[in-house]
Number of protein chains: 2
Amino acid sequence: MFSQSAEYALRAVLLLAESGQRKGGRQIAEELDVPANYLSKILMQLCRQGVLDSQKGWGGGFELAKKPGEIRIGAVVGPFEGSETPRDCILGSDRCGDDDPCALHSYWKQIKTIYEMMTERITVADLVRPTARR
Amino acid sequence: MFSQSAEYALRAVLLLAESGQRKGGRQIAEELDVPANYLSKILMQLCRQGVLDSQKGWGGGFELAKKPGEIRIGAVVGPFEGSETPRDCILGSDRCGDDDPCALHSYWKQIKTIYEMMTERITVADLVRPTARR
DNA sequence: CTTTCATCGGATATGACTATCCGTTGAGTC
DNA sequence: GACTCAACGGATAGTCATATCCGATGAAAG
């Protein structure tokens with residue numbers, strides 16, 4: 001469901017939220033065991049989206065730009081989802097709609113609803129483990 | 001969620017179930033408005049999976065290999081999903097499990113459950129419209 | 001047997017996503 | 001100011017899903 005990039009982004013943001021401090025891109029990649037150079041571009045993208053702040057030079061790195069409770073999951077994974085966001089009908093046709101649903105439509109609508117809950121209601125703060133924070 | 005190929009496969013099978021008769025690959029592609037040559041390979045794959053039967057030569061084409069009620073949705077879309085099938089954890093890590101779930105885990109598990117219901121419980125017969133059949 | 005039709009299936013092209021490499025820039029240390 | 005560190009960002013390569021083209025094969029019609 002999430003693209004590889006979106007998954008990396010979410011895990012990186014979670015790591016930063018748990019540590020609560022600035023971390024270098026290379027260190028994040030090592031802790032997550034993901035490609036460093038690839039993750040680098042993802043982190044930069046998150047900076048452009050306003051999710052992260054970056055600091056160059058000695059002692060630099062990335063940190064959350066807002067409080068964890070103000071960062072929705074959708075803001076983290078959204079830039080890496082392209083058009084993978086659930087469509088109206090899983091068959092992508094004009095066959096079914098809310099007024100005249102096919103048998104798959106009801107199932108699909110449930111999935112869409114849960115997905116939207118995940119991306120729009122849940123924040124990074126909700127995902128941080130009690131053992132690490134709060 | 002479904003790949004493009006899986007969507008084509010499902011729509012083609014639905015079309016065949018509704019018509020109840022053999023149809024040529026080119027005709028199916030035209031009625032669904034999808035690439036004919038691409039769909040051709042999908043239909044062939046469905047034959048190898050035992051979902052469809054094919055007949056070569058004049059008057060040939062594709063038809064369902066079983067009754068619509070005996071064809072689960074998973075059997076149609078499964079061969080085209082690769083590893084897009086929902087994994088245990090949406091983050092793909094060993095961080096969370098049923099015993100120690102993260103906040104996303106519960107949402108993800110719901111989506112997985114509904115998805116499995118769709119692919120394992122629903123059959124082609126359930127999707128055929130009342131207007132066309134039954 | 002020749003023609004026609006449609007499945008079969010190899011070869012190839014395209015684009016997006018993923019991934020790697022490396023030079024540049026800016027910031028702090030010495 | 002020279003050095004070092006780490007974020008920037010362009011260039012490139014591999015992989016996979018998607019898509020197209022076209023010849024080979026098999027079957028029915030004439």
Side-chain angles (χ1 to χ4, degrees), chain A residues 1-13 15-16 21-65 77-85 92, chain B residues 1-13 16 19 21-65 77-85 92:
Chain A
M1 173 151 284
F2 286 164
S3 67
Q4 189 66 266
S5 297
E7 178 189 314
Y8 289 166
L10 190 51
R11 291 173 61 193
V13 168
L15 185 68
L16 286 172
Q21 58 187 3
R22 188 150 60 203
K23 268 188 197 296
R26 184 158 302 183
Q27 182 183 357
I28 297 176
E30 190 173 338
E31 293 187 25
L32 296 181
D33 193 28
V34 303
N37 290 304
Y38 186 54
L39 180 67
S40 166
K41 301 199 182 307
I42 293 173
L43 296 174
M44 285 165 55
Q45 176 71 13
L46 288 173
C47 285
R48 284 192 289 271
Q49 296 292 328
V51 173
L52 298 182
D53 275 340
S54 64
Q55 186 69 28
K56 296 179 71 170
W58 197 94
F62 299 90
E63 61 189 337
L64 299 188
V77 303
F80 307 100
E81 288 195 311
S83 58
E84 278 196 38
T85 312
Chain B
M1 172 150 283
F2 286 164
S3 67
Q4 190 64 265
S5 297
E7 178 188 315
Y8 289 167
L10 189 52
R11 290 173 61 193
V13 168
L16 286 172
S19 77
Q21 58 188 2
R22 189 149 62 202
K23 268 188 199 295
R26 184 157 303 181
Q27 183 184 358
I28 297 175
E30 190 174 338
E31 293 187 25
L32 296 180
D33 193 28
V34 304
N37 291 304
Y38 186 53
L39 180 67
S40 166
K41 300 197 182 308
I42 293 172
L43 296 174
M44 284 165 55
Q45 175 72 12
L46 288 173
C47 285
R48 285 192 289 270
Q49 296 292 326
V51 173
L52 297 182
D53 276 338
S54 64
Q55 187 67 28
K56 295 178 75 171
W58 197 95
F62 299 90
E63 60 189 338
L64 299 187
V77 302
F80 308 101
E81 288 195 312
S83 57
E84 279 196 37
T85 311

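Throughout, protein chains are lettered first and strands after them, A, B, ... in sequence-line order, and every chain is numbered starting at 1.
In this structure, B:Glu30 places its CD atom where only 12 or fewer heavy-atom neighbours from other residues, nucleotides or ligands lie under 6.0 Å away.
Atom NZ of B:Lys41 is separated from atom P of D:dC22 by 14 Å (rounded to the nearest Å). Counting to the nearest Å, the P atom of D:dA19 and the CG atom of B:Asp33 are 11 Å from each other. Taking atom CD on B:Glu63 and atom P on C:dA6, their separation rounds to 15 Å, with Å as the unit. Note: CE (A:Met44) to C1' (D:dG10) measures 10 Å, nearest angstrom. Whole-Å rounding puts the A:Asn37 CG to D:dA7 P distance at 11 Å. Rounded to whole Å, the distance from CZ on A:Phe62 to C1' on D:dC8 is 9 Å. Straight-line distance from the CZ atom of A:Phe80 to the P atom of C:dA19: 13 Å, rounded to whole Å. B:Tyr8 places its OH atom 8 Å from the C1' atom of D:dT18, with the value rounded to the nearest Å.
Residues B:Ser5 and A:Ser40 each lie close to DNA chain D; by heavy-atom proximity, the contact nearer the 5' end of the strand is made by A:Ser40.
Residue B:Arg48 places at least one side-chain N or O closer than 4.0 Å to OP1 or OP2 of C:dG9.
For the pair A:Pro79 and A:Gln45, the tightest heavy-atom approach, listed with the atom from each and the gap, is CB-NE2, 3.9 Å. Taking each heavy atom of A:Gly50 and A:Ala65 in turn, the nearest pair found is O-CB, 3.3 Å. The shortest heavy-atom contact between A:Leu16 and A:Gln21 is CD2-O, 3.8 Å.
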Next on the checklist: I need a per-nucleotide contact map over nucleotides 23-30 of chain D, read 5' to 3'. Cutoff is protein heavy atoms under 4.0 Å; write B for the base, S for backbone only, - otherwise.
Outcome noted: --BBBSS-
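Using a 4.5 Å heavy-atom threshold, the side chains of B:Lys23 and B:Glu63 count as separate. B:Val34 is not listed as a side-chain neighbour of B:Tyr38, based on a closest heavy-atom distance of 4.5 Å or more. Side chains of A:Gln4 and A:Glu7 form a contact here, defined as non-hydrogen atoms less than 4.5 Å apart.
Taken together, the paired segments of DNA chain C that extend over three or more consecutive Watson-Crick or G-U pairs, each closer than 3.5 Å at both contacts, are C:1-30 with D:1-30.
At distances below 3.5 Å, at least one donor-acceptor pair connects side-chain atoms of A:Ser3 with backbone N or O atoms of A:Phe80. Judged by distance alone, the side chain of B:Arg11 and the main-chain N or O of B:Leu32 form a donor-acceptor pair under 3.5 Å.
Out of D:dA7, D:dA19, C:dA19, the shortest distance to the side chain of A:Tyr38 is found at C:dA19.
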